[in-house]
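First comes the structure, then the notes that go with it.
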Amino acid sequence: MLIDSHCHLDRLKAAPDQPSLQAIIDGAKSRGVDYLLCVNVRQQGFESMREKMAQFDNVFLSSGVHPLDVQDGLNVEEIKQFATDKKVVAIGETGLDYFYAPETKTLQQQCFEQQIALAVDVNKPLIVHTRDAREDTIAMLKAGNADKVGGVLHCFTENWEMAKAAIDLGFYISVSGIVTFKNAGELRSVIRQVPQDRLLVETDSPYLAPVPHRGKENQPAYVRDVAEFVAELRGEKYEDLAHYTSENFFNLFTDAAKLIGR
């Protein structure tokens with residue numbers, strides 16, 4: 001078993017010359033990817049995402065507002081209502097991104113604070129996006145008592161100090177196809193150090209396709225390439241990494257485990 005712990009299936013291209021969503025999920029299954037977490041980034045897009053994913057029993061959902069989408073506003077009560085859906089296993093994708101949108105820093109912080117509080121309120125883990133905001137991200141997670149619910153720093157690209165601080169809060173570190181890029185030497189050093197019981201793998205599809213698929217639209221099947229690369233990087237067997245990252249996924253996203261009867 002292997003799990004794509006973070007993808008955006010609702011953002012894959014829909015065109016006559018593109019594979020259907022069913023074909024994409026079947027393609028992932030053929031490479032051993034049994035479960036996927038489809039992550040919400042815009043509040044206004046949740047219901048459409050939920051409708052598209054309704055037919056797939058192996059696709060879990062999250063509900064939240066991405067830091068680059070905070071201009072659209074945040075209705076906490078509506079996200080809380082979305083979170084009552086049995087397939088919603090996490091709050092997010094939320095967080096801070098000072099790299100792409102430093103001008104919305106204050107609004108990002110307000111939305112992040114609200115979503116941390118919501119996660120604690122509904123007892124669901126957080127999916128966190130962080131870019132060039134190391135100190136503020138950790139400080140806000142601590143201030144909001146995020147350790148009560150835990151979560152994941154997804155598509156991790158920061159340094160070991162931040163990874164360690166997140167792990168000490170009970171969070172997981174998720175690695176994407178970026179780890180396969182030529183210029184990702186520092187990230188590879190970090191991923192070698194992450195304890196087995198704190199590591200997840202993801203695609204973040206349709207973005208960031210790993211080597212050898214660079215230039216293509218990313219898809220969940222390619223999490224196999226990420227996992228194989230990371231296993232070799234860490235001097236582990238692929239089968240072992242696939243097993244423990246899957247166990248980690250269900251240990252973090254306990255509602256997903258309950259949903260499939262684990």
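All heavy atoms count here, side chains included; hydrogens, waters and symmetry mates do not. None of the values given here were measured: they were computed from a predicted structure.
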**Arg234/Glu236 salt bridge by N-O under 4.0 Å criterion** = yes
**Request:** To the nearest 0.5 angstrom, please state how far the CZ atom of Phe112 sits from the CG atom of Leu74.
**Result:** 12.5 Å
**Straight-line distance of Ile191 CD1 to Trp160 CH2, nearest 0.5 Å** = 9.0 Å
**Item:** side chain to side chain contact (heavy atoms under 4.5 Å, CB included) evaluation trace for Gln22 with Phe56
**Value:** CA-CA 9 Å; Gln22 181 70 65; Phe56 303 111; 3.3 Å; yes
**Item:** No-hydrogen, no-angle side-chain donor-acceptor test under 3.5 Å, Thr203 and Asp4
**Value:** yes
**Prompt:** With a 4.5 Å heavy-atom cut-off, do Leu61 and Val89 have their side chains touching?
**Reply:** no
**Message:** Taking atom CD as the centre, does Glu113 end up with more than 12 heavy-atom neighbours from other residues, nucleotides or ligands that are less than 6.0 angstrom away?
**Reply:** no
**Message:** Tell me whether Arg214 forms a cation-pi arrangement with Phe181, defined as NZ or CZ under 6.0 Å from the six-membered ring centre and within 45 degrees of its axis.
**Reply:** yes
**Prompt:** Going by atom types only, do Asn218 and His213 share a side-chain donor-acceptor pair under 3.5 Å?
**Reply:** no
**Message:** Do the side chains of Asp225 and Arg31 get close enough for a salt bridge, i.e. N-O under 4.0 angstrom?
**Reply:** yes
**Request:** Assess the pair Phe250 and Tyr35: is the distance between their ring centroids shorter than 6.0 Å?
**Result:** yes
**Asked** Taking side chain as C-beta onward, heavy atoms only, is Thr157 less than 4.5 Å from Ile178?
**Response** yes
**Request:** For the residue pair His8 and His6, categorise the inter-ring angle as parallel (less than 30°), tilted (30 to 60°) or perpendicular (more than 60°).
**Result:** perpendicular
**Approximate separation, where rounding is to 0.5 Å, of His243 NE2 and Asn248 CG** = 9.0 Å
**Request:** Go through the side-chain N and O atoms of Glu202 and Ser176 and say whether any donor and acceptor fall under 3.5 Å apart.
**Result:** no
**Request:** Salt-bridge test for Glu247 and Arg262: reply yes if a basic N is under 4.0 Å from a carboxylate O, no otherwise.
**Result:** yes
**Message:** Would you say CG of Asp132 has more than 12 non-hydrogen atoms from neighbouring residues, nucleotides or ligands within 6.0 angstrom?
**Reply:** yes
**Asked** Regarding Asn251 and Tyr172, is there a side-chain donor-to-acceptor distance under 3.5 Å anywhere?
**Response** no
**Prompt:** Quick check: does any side chain N or O of Arg198 sit under 3.5 Å from a backbone N or O of Gly170, one acting as donor and the other as acceptor?
**Reply:** yes
